[in-house]
Amino acid sequence: MTNYFSSDFTLGILGGGQLGKMLLAETRKWDITTKVLDPSPEAPARLACNEFVVGSLTDYDTVYNFGKGVDVLTIEIEHVNVQALEALEAEGVRVYPSPKTLSIVQDKVDQKLFYGEKGIPTSPFSVFESPRVLQEEALEYELNYPLVWKSARFGYDGNGVKVLRNDNDLEGLPEGLCVVEDFVPFEKELAVIVARSSTGEIAAYPVVEMEFHPEANQVEYVLCPARISDDIAEKAQALALRTAECFEVVGLLAVEFFLTKEGEVLVNEVAPRPHNSGHYSIEASYTNQFEQHLRAILGLPLGSTESKAAAVMVNLVGAEGYTGEVVYKNIEQIMALPGVTPHIYGKRETRPFRKMGHVTIVNEDINQARRIAEEVKRTIQVIA
Ligand code: ADP
């Protein structure tokens, strides 16, 4: 067994955003040496790693050369050069999640086809070479609106996703391979984070519930536990575990679901890394998702996924109408509320809807936590 602690062992992380920064809090806790690659010299993770490299995550040579100098390589963002990871893996670098998992997840078409192949329940879908082919079909027969168009590649936080209500909405969609799915009139959006270690040990976190901002298409609140029946929670956890096994993922797999009005659970999409829906775990879980990710990719025993208390996480995004040097107005007021911990990611510039931080509210009672979360949301302002 490798000695990871206070040693020459080096963990490489592709991406230096907030997820990287929070992962590094755990490598610091264990004195694990780290090296981070990110295109921005201002990346939030730059201060917490041992070595910071500025460079492109999608350029073959940059990723390959970076990976040659580490023992285990992981990611905090999916959009990285997979060919370089394949070469590194072939040369003996341990890459988690695997390039194979990443290549499926990077592409929404491949992801949907994978669910079909594995019998994982997901919304019905069709694949089109380009929106133009869809437009041609619309001329021939009536499409079953509403539908959801998703570009195969490089959609992020609602970009590359559009609800189609009629033929007019087919105009102006970007060219390229896409998937068109039935619109699911869901009751709730749920998520489960699964940890699967390089030894095959596997564990699921409790089901969380996500509440979305109506305009920005970003998660506004994450509640743990979700306010659902035990039956549905068990179903979602079982499906998340099965999905992680199908991907043979090593590390974390965040599985996002739609809960239908009929109580059916459908997989929407997955992310093979720490996830926004698991941030609550830093304050509320026995083992937070970032520590768990390290345990999983290093083949250490997994920690307990149980919660110590209920929690609500509020995303702090830049307020509309403000661009420039960020100010967290009224942060002192929210810190005076019970069980409230802010996390500031370290981005100097705010922009409308940019993810700048989050706030976790822990409480014995989920409903009370939700009430305090609303007060937090009303009080704090991310402005310039
Ligand atoms: P992204 O990768 O940008 O997060 P998602 O595929 O998760 O894209 O879609 C973003 C959001 O759009 C979802 O969280 C959900 O609210 C909505 N959405 C996506 N697909 C569907 C669908 N088939 N039916 C209804 N809403 C959907």
Side-chain angles (χ1 to χ4, degrees), residues 15 17-19 75-80 97 101-116 120-128 131 134 143-166 169-170 173-174 176-193 207-223 226 236 239-240 243 247 253-262 264-279 313 315 317 353-355 358:
Q18 61 264 19
L19 298 172
I75 53 130
E76 61 107 55
I77 181 167
E78 291 89 286
H79 297 305
V80 297
T101 300
L102 274 173
S103 79
I104 298 169
V105 170
Q106 278 184 350
D107 190 302
K108 283 186 193 261
V109 167
D110 288 347
Q111 243 192 82
K112 286 295 255 188
L113 294 171
F114 183 81
Y115 302 144
I120 293 168
T122 190
S123 61
F125 66 98
S126 306
V127 175
F128 295 92
L134 182 63
L143 300 181
N144 202 11
Y145 294 112
L147 295 165
V148 183
W149 163 88
K150 298 182 183 182
S151 77
R153 292 181 74 80
F154 300 110
Y156 211 69
D157 278 338
N159 295 317
V161 175
K162 190 182 171 194
V163 177
L164 309 172
R165 308 229 169 249
N166 52 51
D169 288 344
L170 301 176
L173 289 175
L177 190 69
C178 58
V179 58
V180 175
E181 351 180 320
D182 287 3
F183 181 90
V184 181
F186 53 80
E187 185 78 28
K188 277 180 196 293
E189 292 194 64
L190 306 173
V192 172
I193 292 177
V207 185
V208 303
E209 172 184 342
M210 298 177 289
E211 282 185 40
F212 277 74
H213 185 282
E215 287 150 61
N217 214 346
Q218 277 184 344
V219 179
E220 201 169 24
Y221 301 108
V222 173
L223 290 80
L239 182 51
T243 305
F247 276 107
L253 189 75
V255 186
E256 294 184 40
F257 300 103
F258 298 129
L259 172 63
T260 69
K261 298 199 166 34
E262 296 76 34
E264 225 188 326
V265 180
L266 303 174
V267 173
N268 173 33
E269 63 167 359
V270 300
R273 54 167 169 76
H275 194 255
N276 190 260
S277 66
H279 289 350
M313 192 271 308
N315 275 322
V317 299
F353 303 117
R354 185 177 194 198
K355 276 187 195 162
H358 74 261

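Hydrogens, waters and symmetry mates play no part in the numbers below; they use all other heavy atoms, side chains included. Just so it is clear, the model here is predicted, and its values are computed rather than measured. Order of appearance sets the numbers: ligands from 1, and atoms from 1 within every ligand.
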*Taking Glu269 for the side chain and Lys108 for the main chain, is one N or O donor matched with an acceptor at less than 3.5 Å?*
no

_Hydrogens and angles aside, do His358 and Gln18 bring a side-chain donor and acceptor to less than 3.5 Å of each other?_
no

_Between ligand 1 and Met210, can you find any atom pair, the residue atom being a heavy atom, that is separated by under 4.0 Å?_
no

_Has Glu78 got a side-chain atom pairing as donor or acceptor with Asp107's backbone, closer than 3.5 angstrom?_
no

*Could you list the atoms of ligand 1 found under 4.0 angstrom from a heavy atom of Glu181?*
20 (N), 22 (C), 23 (N)

*Of the backbone atoms (N, CA, C, O) and the side-chain heavy atoms from C-beta on, which set of Val148 has a member under 4.0 Å from an atom of ligand 1: side chain, backbone, both, or neither?*
side chain

*Option nearest atom 26 (N) of ligand 1 (shortest heavy-atom distance, choices Phe186, Phe212, Phe125)*: Phe186

*Hey, does the side chain of Lys112 reach the backbone of Val180 with a donor-acceptor pair shorter than 3.5 angstrom?*
no

*Okay, side chain of Gln111, backbone of Val105: is any donor-acceptor separation there less than 3.5 Å?*
yes

*asked:* I need the atoms of ligand 1 closer than 4.0 Å to a non-hydrogen atom of Lys108, numbered in the order shown.
replied: 1 (P), 2 (O), 5 (P), 6 (O), 8 (O)

*ligand 1 and Glu269, any nitrogen or oxygen pair closer than 3.5 angstrom?*
yes

*Are Val163 and ligand 1 in contact, using a heavy-atom cut-off of under 4.0 Å?*
no

*asked:* Is any side-chain heavy atom of Phe183 closer than 4.5 Å to one of Val148?
replied: yes

